[in-house]
Amino acid sequence: MTATETLTAGTRAIIAVDGPAAAGKGTLARRLAAALDLPYLDTGLLYRATARRVIDGGGDPGDAVAAEAAARALEPGDLGRAGLRAPDTDTGASKVAAIPGVRAALLDFQRQFGRANGAVLDGRDIGTVVFPDAPVKLFVTASPEARAERRWKERQARGEDVSLEAVTAEMAARDARDASRDTAPMKPAGDAILLDTTALDAEAAYAEALRLVRQRLGLAS
């Protein structure tokens, strides 16, 4: 299952990969895209870039007017901005994602990307809002404790002096915002396949995700 497994000619499959932060959905989505020879889009990066534009301009990501203006002005170069993984961007992305005008501004971009040649997209509302008719929907999750520890280790590796307790609190707050927002709350689509990665290492999670996707697409073993 390590070789590229190109889809049949003319197939433009949409694979939606949703789930909370640090569940492993980004890594899985990138690897699935490579295995199935499909374009990949980290939709969360769009919201991070929007938040970063606002922050870098001295604004508040929670300001709906400023956030929507930033989303509508987003350019490809913004996806390479410095600080897209910084803690203030984490919080800011969650704030801008709750603003209906921001989501509307970014929705067309996501749909056009996926419809062009099929795609693997990861985010929080791909299977429920962006592509509700996607043939494959994965909702990748893990226990709050496992996710917090993963994010804490990531931030330690970047040289950040932050406690596990602080990261756990930040993630709990973000989960609550993402799940309770009025516009496109984070939740599994009714027909999504749930994949819990709590007890899986990266290779095991990928192998299981690829098996589930191939099964749903009807690809030969």
Side-chain angles (χ1 to χ4, degrees), residues 7 11-36 38-48 50 71 93-144 146-147 150 171-172 174-200 204-219:
L7 299 178
T11 298
R12 294 181 177 179
I14 298 293
I15 300 173
V17 183
D18 291 308
K25 66 181 184 296
T27 300
L28 286 179
R30 281 190 293 273
R31 294 187 67 179
L32 289 172
L36 298 170
L38 287 170
Y40 165 67
L41 179 63
D42 173 1
T43 65
L45 205 59
L46 302 177
Y47 294 94
R48 288 177 175 274
T50 298
S94 184
K95 289 181 177 179
V96 302
I99 298 171
V102 171
R103 303 198 74 87
L106 299 178
L107 183 59
D108 285 345
F109 180 96
Q110 295 172 67
R111 286 179 171 167
Q112 289 172 10
F113 182 93
R115 286 170 177 159
N117 296 292
V120 180
L121 303 93
D122 79 70
R124 284 169 170 74
D125 66 343
I126 309 303
T128 55
V129 175
V130 183
F131 285 106
D133 296 327
V136 184
K137 301 173 188 177
L138 289 179
F139 192 86
V140 183
T141 189
S143 71
R147 294 191 296 111
R150 292 171 187 173
M171 293 191 68
R174 180 171 185 180
D175 286 349
R177 283 195 302 270
D178 289 347
S180 63
R181 65 191 180 216
D182 293 332
T183 302
M186 181 183 66
K187 62 180 181 180
D191 56 346
I193 306 167
L194 298 182
L195 176 59
D196 190 324
T197 66
T198 301
L200 302 178
Y206 167 65
E208 179 61 6
L210 183 59
R211 184 188 71 79
L212 292 169
V213 169
R214 285 168 51 79
Q215 184 180 65
R216 184 61 64 92
L217 288 175
L219 297 177

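- Remark: Ala93 engages Tyr47, Arg48, Arg174 in a side chain to side chain contact (heavy atoms under 4.5 Å, CB included) (not counting sequence neighbours).
- Residue Ile126 forms a side-chain contact (heavy atoms from CB on, under 4.5 Å) with just one option from Leu41, Val17, Leu121, and that option is Leu121.
- In this view, Arg111 satisfies the side-chain hydrogen bond (donor to acceptor under 3.5 Å, both in side chains) rule with no residue, not counting sequence neighbours.
- Sorted by first and then second residue, the salt bridge (charged side-chain N to carboxylate O under 4.0 Å, His left out) pairs with a member in residues 27-36 read Arg31-Glu203; sequence neighbours excluded.
- Thr197 contributes a side-chain N or O that, together with a main-chain N or O of Ala23, makes up a donor-acceptor pair within less than 3.5 Å.
- Not a single donor-acceptor pair under 3.5 Å links the side chain of Ser143 to the backbone N or O of Thr198.
- In this structure, the side chain to side chain contact (heavy atoms under 4.5 Å, CB included) partners of Ala204, at least two apart in sequence or on a different chain, are Leu200, Asp201.
- Judged as a side chain to side chain contact (heavy atoms under 4.5 Å, CB included), and not counting sequence neighbours, the contacts of Leu28 are Val140, Leu195, Ala205, Tyr206, Ala209.
- A side-chain hydrogen bond (donor to acceptor under 3.5 Å, both in side chains) check over residues 126-140, counting only residues at least two apart or in different chains, returns the pairs Lys137-Asp191.
- From Leu32, atom CG reaches atom CG of Leu210 across 6.0 Å, with rounding to the nearest 0.5 Å.
- Applying the side-chain hydrogen bond (donor to acceptor under 3.5 Å, both in side chains) rule to Thr183 yields no partners; only residues at least two apart in sequence or on another chain are considered.
- Among residues two or more places apart in sequence or in another chain, the side-chain hydrogen bond (donor to acceptor under 3.5 Å, both in side chains) test is passed with Asp122 by Tyr40.
- With sequence neighbours left out, Ser94 forms a side-chain hydrogen bond (donor to acceptor under 3.5 Å, both in side chains) with Arg177, Asp178.
- The CG atom of Leu106 lies 4.5 Å from the OG1 atom of Thr50; values are rounded to the nearest 0.5 Å.
- Formation of a donor-acceptor pair under 3.5 Å by the Lys25 side chain with backbone atoms of Pro20 is found in this model.
- In this structure, the salt bridge (charged side-chain N to carboxylate O under 4.0 Å, His left out) partners of Asp175, at least two apart in sequence or on a different chain, are Arg147.
- What you find for Ala71 and Val102 is that their closest heavy atoms are CB-CG1, 4.0 Å.
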### Task
Start with the C-alpha gap between Val120 and Val213, add the side-chain angles, then the distance that decides, and say whether side-chain contact (heavy atoms from CB on, under 4.5 Å) holds.
CA-CA 11 Å; Val120 180; Val213 169; over 6 Å; no
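- Applying the salt bridge (charged side-chain N to carboxylate O under 4.0 Å, His left out) rule to Asp125 yields the partners Arg103; only residues at least two apart in sequence or on another chain are considered.
- Arg150 places a side-chain N or O within 3.5 Å of a backbone atom of Ala22 that can act as its donor or acceptor partner.
- Rounded to the nearest 0.5 angstrom, Phe131 CZ and Leu107 CG are separated by 8.5 Å.
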